[in-house]
Amino acid sequence: MIDNPTPQQRMEEMDQLYMADLFHEHCTDRANEIAKEFNLLPEFYEDFAEYYADVCRESDDGYSLTYSKDLIEDWWDEYGDDYDDYSSPYEHEFNKKLN
C-alpha cells in the first residue's frame, strides 16, 4: 500500500522548506554585510556565505552570531589552503592574485 502524505503533512513540509530558505537567505545577506565591512575580496563572498550559513545552522545562537572579523579569520584558517593563489582573503593593493 502506498503511503501518501496528507495535505497537512505536505503543507508542514513546505513550511519547513520555506523557513529553511529564509534562514539561508538571511545568513547569506548577513555574511555579505560582514564581508563588505571587513574588505573581503569579492571572489570569496559566496564561499564565505556558505561557511557562515553552516556555522549559523550549527550554532545555538543561530544567525545572531557576533558580527566580527573573527568569522572571516576562522573561515580563512579552515579553508585558506584551498586558495593557493592568495596570501590573504582581504582587499589590499599589495594582495593581488599571485601569478
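Remember, predicted model here, so these are calculated numbers, not experimental data.
- Between the CG atom in Leu71 and the CG atom in Leu40 there is a gap of 11.5 Å [rounded to 0.5 Å].
- Between the side chains of Gln8 and Glu12, at least one donor-acceptor pair of N or O atoms lies under 3.5 Å.
- The salt bridge (charged side-chain N to carboxylate O under 4.0 Å, His left out) search around Asp47 returns none, not counting sequence neighbours.
- Checking side-chain atoms of Arg30 against main-chain N and O of His26 turns up no donor-acceptor pair under 3.5 Å.
- Contact check for Asp74 versus Glu78: no side-chain heavy atoms found under the 4.5 Å cut-off.
- Trp75 places none of its side-chain heavy atoms less than 4.5 Å from the side chain of Val55.
- Side chains of Lys69 and Tyr90 form a contact here, defined as non-hydrogen atoms less than 4.5 Å apart.
- More than 12 non-hydrogen atoms from other residues, nucleotides or ligands lie less than 6.0 angstrom from CD of Glu33.
- In this structure, Phe44 has its ring center closer than 6.0 angstrom to the ring center of Trp76.
- A heavy-atom distance below 4.5 Å is found between the side chains of Met19 and Leu22.
- Under the 30°/60° scheme for interplanar angles, the aromatic rings of Tyr52 and Phe48 are found to be tilted.
- A distance of 11.0 Å separates CE of Met11 from OG1 of Thr6, quoted to the nearest 0.5 Å.
- Here the closest heavy-atom approach between residue Ile34 and residue Ser68 is recorded as CG2-O, 3.9 Å.
- Side-chain contact between Tyr86 and Glu43: present, with at least one pair of heavy atoms (C-beta onward) separated by less than 4.5 Å.
- Between Leu41 and Ser88, the shortest heavy-atom contact is CD1-O, 3.9 Å.
- By the salt bridge (charged side-chain N to carboxylate O under 4.0 Å, His left out) test, Glu13 is found to be paired with Arg10, residues two or more places apart in sequence or in another chain being considered.
- You'll find the side chain of Cys56 stays beyond 4.5 Å of the side chain of His24, heavy atoms only.
- Proximity of Glu25 to Asp21: side-chain heavy atoms (C-beta onward) are nowhere separated by under 4.5 Å.
- For Lys36, the side-chain contact (heavy atoms from CB on, under 4.5 Å) criterion is met by Tyr45, not counting sequence neighbours.
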